[in-house]
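Naming convention: chains lettered A, B, ... in sequence-line order (proteins, then strands); numbering from 1 in each chain.
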Number of protein chains: 2
Amino acid sequence: MELDETDRQILRILQEDARTPFSEVARRIDMSSATVHDRVSRMEEAGVIKGYHADIDAREVGYGVSAFVGLRTDQGREDEALAHLAGLPEVKEVHLTTGEWDVMVRVYAEDTDALRELMFDHIAGTEGFARSQTMVVLGTDYEADGLPI
Amino acid sequence: MELDETDRQILRILQEDARTPFSEVARRIDMSSATVHDRVSRMEEAGVIKGYHADIDAREVGYGVSAFVGLRTDQGREDEALAHLAGLPEVKEVHLTTGEWDVMVRVYAEDTDALRELMFDHIAGTEGFARSQTMVVLGTDYEADGLPI
DNA sequence: GGTGAAATCCTTCCCTT
DNA sequence: AAGGGAAGGATTTCACC
């Protein structure tokens, strides 16, 4: 889909605060809210806007630890291994990558004990993975609200 | 902040779709919208809800490539190195980690040429970093809307 | 893109439990 | 301390220009 500067302005605003009323978006970009509504609907349908999500503080809901997990897959068993990962509740993202790891996973756990159990019982010890490395997140120094548009 | 099951239900709904009208949230959890409003406000103030963000398809806005970048910092120059990273528009997240890398960065670039320029001119070649590894994301197999609450 | 209007929603205050 | 009712003003969502 072709996006013009007006579309991009709308995206910037909704990326920063997805609950901004369309009427206020309209005010800021100097258009009617009907136009904003129309453009947003088109971007939703085209898949430019994939959704709107509340950003929850992980600690406040009981997740004291998060980590990046690098994995090396066994040849020929990639699909089931990936499906297995996606089924684990603590797994938030699964990416295929080049470089040292075939798969990069973002996981959240209640505490280090829970992380240990997750890794040993449900990831590293699982068939389909040859090798793993857990990189525990000590802190997040910076996190943008979205992409520069 | 103490969260009860009602709070968690609200969080689940807003994590999945942050633009859900409070009136509908109220309907779903069988309470009044005044109550939903009140609880959401308290969770926002307490920092449980950090924000609401539209989820934009990176490709649709011109980011054809993303990558994880692992970095090893020089001793004693961590702070300026991290501040430098946070100032780059292509950098979306900067995490301090244990394991092979001191810093794990998530970057987005227009194409491989732009990624190359970002890495050589603005990250790997920068003072404060001793070593780096770029893990290009070939695909994202799974991405949850939020945390399991 | 914009207008206009009806339906819906947000927000606040106040009352009840 | 927590939830609900009510009412205003604002917003969303259409059809139509």
Side-chain angles (χ1 to χ4, degrees), chain A residues 1-64 110 144-149, chain B residues 1-63 144-149:
Chain A
M1 177 184 179
E2 272 293 300
L3 301 175
D4 63 17
E5 180 53 24
T6 302
D7 290 324
R8 275 187 234 105
Q9 282 184 291
I10 294 170
L11 291 180
R12 265 180 235 125
I13 293 168
L14 295 180
Q15 222 176 202
E16 195 180 316
D17 181 1
R19 284 192 75 93
T20 309
F22 290 171
S23 58
E24 196 196 321
V25 176
R27 230 171 283 139
R28 289 206 228 161
I29 67 173
D30 205 46
M31 290 208 170
S32 74
S33 61
T35 301
V36 173
H37 182 262
D38 189 59
R39 282 171 177 264
V40 168
S41 297
R42 274 191 291 113
M43 290 193 282
E44 285 172 354
E45 278 158 29
V48 176
I49 298 174
K50 294 194 286 182
Y52 308 94
H53 307 293
D55 183 12
I56 310 299
D57 189 301
R59 281 198 201 165
E60 294 277 2
V61 291
Y63 294 99
E110 187 183 340
D145 284 347
L147 303 161
I149 298 177
Chain B
M1 175 184 180
E2 272 292 302
L3 301 174
D4 62 16
E5 180 55 24
T6 302
D7 291 323
R8 277 187 233 105
Q9 282 184 290
I10 294 170
L11 291 180
R12 266 179 234 125
I13 293 168
L14 294 180
Q15 219 175 204
E16 195 179 315
D17 181 1
R19 283 191 75 92
T20 309
F22 290 170
S23 58
E24 195 195 320
V25 176
R27 230 170 282 137
R28 288 206 229 163
I29 68 173
D30 205 46
M31 290 207 170
S32 74
S33 59
T35 301
V36 172
H37 183 264
D38 188 58
R39 283 171 176 264
V40 169
S41 297
R42 274 191 292 114
M43 291 194 282
E44 284 172 353
E45 278 158 30
V48 177
I49 298 174
K50 294 194 287 183
Y52 308 93
H53 306 294
D55 183 14
I56 310 299
D57 189 300
R59 283 198 199 166
E60 295 278 2
V61 291
Y63 294 100
D145 285 347
L147 302 161
I149 297 176

Take atom [atom1] of [X] and atom [atom2] of [N], then tell me their distance rounded to the nearest Å.
X	N	atom1	atom2	result
Gln9(A)	dG1(C)	CD	P	11 Å
Ile10(B)	dG3(D)	CD1	C1'	12 Å
Met1(B)	dA2(D)	CE	C1'	12 Å
Asp30(A)	dG1(C)	CG	P	12 Å
Asp7(A)	dG1(C)	CG	C1'	13 Å
Tyr52(A)	dT12(D)	OH	C1'	13 Å
His37(B)	dA6(D)	NE2	C1'	15 Å
Arg39(A)	dC14(D)	CZ	C1'	19 Å

**OP:** Report the nucleotide, chosen from dC9(C), dA2(D), dT12(D), that has the shortest atom-to-atom distance to any side-chain atom of Pro21(A).
**Re:** dT12(D)
Original post:
Between Arg28(B) and Glu24(B), is there a salt bridge with N-O shorter than 4.0 Å?
Top reply: yes
**OP:** May I ask you to say whether Arg12(B) pairs ionically with Glu5(B), meaning some side-chain N is under 4.0 Å from a carboxylate O?
**Re:** yes
Subject >> Upstream residue (5' side of DNA chain C) when Arg19(A) and Asp38(A) are each assigned their closest nucleotide >> reply: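 Per heavy-atom nearest nucleotide, the more 5' residue is Asp38(A).
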Subject >> Upstream residue (5' side of DNA chain C) when Ser33(A) and Glu24(B) are each assigned their closest nucleotide >> reply: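 Between the two, 5'-proximity favours Ser33(A).
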**OP:** Give Arg27(A) one of three labels, base, sugar-phosphate or nothing, depending on what nucleic acid heavy atoms sit under 4.0 Å from its own.
**Re:** sugar-phosphate
Original post:
Is Asp30(B) atom CG crowded by more than 12 heavy atoms from other residues, nucleotides or ligands, each under 6.0 Å away?
Top reply: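 Count not over threshold, so no.
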Subject >> Neighbour count >12 (heavy atoms, 6.0 Å) for atom CD, Glu60(A) >> reply: yes
Original post:
More 5' along DNA chain D: Phe22(A) or Ser32(B), using each one's nearest nucleotide?
Top reply: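 Looking at DNA chain D, the more 5' nearest nucleotide goes with Ser32(B).
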Original post:
Are Ser23(B) and dC9(C) close enough that a side-chain N or O sits under 4.0 Å from OP1 or OP2?
Top reply: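 Yes, such a contact exists.
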Original post:
Less than 4.5 Å apart, any side-chain heavy atom of Leu11(B) and any of Leu3(B)?
Top reply: yes
**OP:** Taking atom C1' in both dG9(D) and dC15(C), compute the distance separating them and give it to the nearest angstrom.
**Re:**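 Taking atom C1' in both dG9(D) and dC15(C), they lie 22 Å apart.
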